[in-house]
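The next block holds one structure in the form of structure tokens; read it before the comments.
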Amino acid sequence: IDSEDDLLQECISSAMPKKK
Amino acid sequence: PDSPLARWTKSLHSLLGDQDGAYLFRTFLEREKCVDTLDFWFACNGFRQMDLKDTKTLRVAKAIYKRYIENNSIVSKQLKPATKTYIRDSIKKQQIDSIMFDQAQTEIQSVMEENAYQMFLTSDIYLEYV
């Protein structure tokens, strides 16, 4: 099970803009 | 087409939609000790895209609440009490909704637009990049 911090980081990263 | 820099000055939204812009703004906020406001903003966007049927989603909602809202952090200080109460109650009742952080995100975004974003556009980090 992922830790809360990992889940939060994953959530933030998923919304960050990616290189085009 | 607009250059990235022209887009950055157009709006906070265009700045945050550009990878280099978002990272440079993040560096600036780290220096200003308010990077949590930006991370919260992105967390709200990420949360909105999560599947409500996934049990992970409730855990992420709780993690966002714990990290940014229930304490006396910079994000919490910039939110209206009613907004915080609404989120706290939703989590307590486990009534998770994709838009449950939208109001909070809007409030944080307004503060960023009025303060940090304006400061960023005149900061040496930005000017050196330009």
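Nothing here was measured: the structure is a model prediction, and the numbers come from that model. By convention in this document, chain letters (A, B, ...) are assigned in the order of the sequence lines, proteins followed by strands, and residues within each chain are numbered from 1.
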message: I need the B:Arg26 CZ to A:Met16 CE distance, nearest 0.5 Å.
response: 6.0 Å
task: Report yes if the side chains of B:Arg67 and A:Glu4 come closer than 4.5 Å at any heavy-atom pair, otherwise no.
output: no
- prompt: Using non-hydrogen atoms only, which part of A:Glu10 is less than 4.5 Å away from chain B: side chain, backbone, both, or neither?
  reply: side chain
- prompt: Does one hydrophobic cluster hold both B:Ile108 and B:Ile99, with members joined at side-chain heavy-atom distances below 4.5 Å?
  reply: no
- prompt: What pair of heavy atoms forms the shortest contact from A:Leu8 to B:Ala43, and how long is it?
  reply: CD1-CB, 4.4 Å
- prompt: Side chain, backbone, both or neither: which part of B:Tyr23 has a non-hydrogen atom closer than 4.5 Å to chain A?
  reply: side chain
message: Can you tell me which portion of B:Arg48 sits under 4.5 Å from chain A's heavy atoms? Options are side chain, backbone, both or neither.
response: neither
query: Closest approach of A:Ser14 and B:Gly46, non-hydrogen atoms and distance?
result: OG-CA, 3.7 Å
statement: side-chain contact (heavy atoms from CB on, under 4.5 Å) test vs A:Ile12 passes for just one of B:Val60, B:Leu38, B:Asp39, namely B:Asp39
query: Side-chain heavy atoms under 4.5 angstrom apart, residues restricted to Ile, Leu, Val, Met, Phe, Trp, Tyr: same cluster for B:Val111 and B:Trp41?
result: no
- prompt: Is chain A contacted by the side chain of B:Ala22, its backbone, both, or neither, given a heavy-atom distance below 4.5 Å?
  reply: side chain
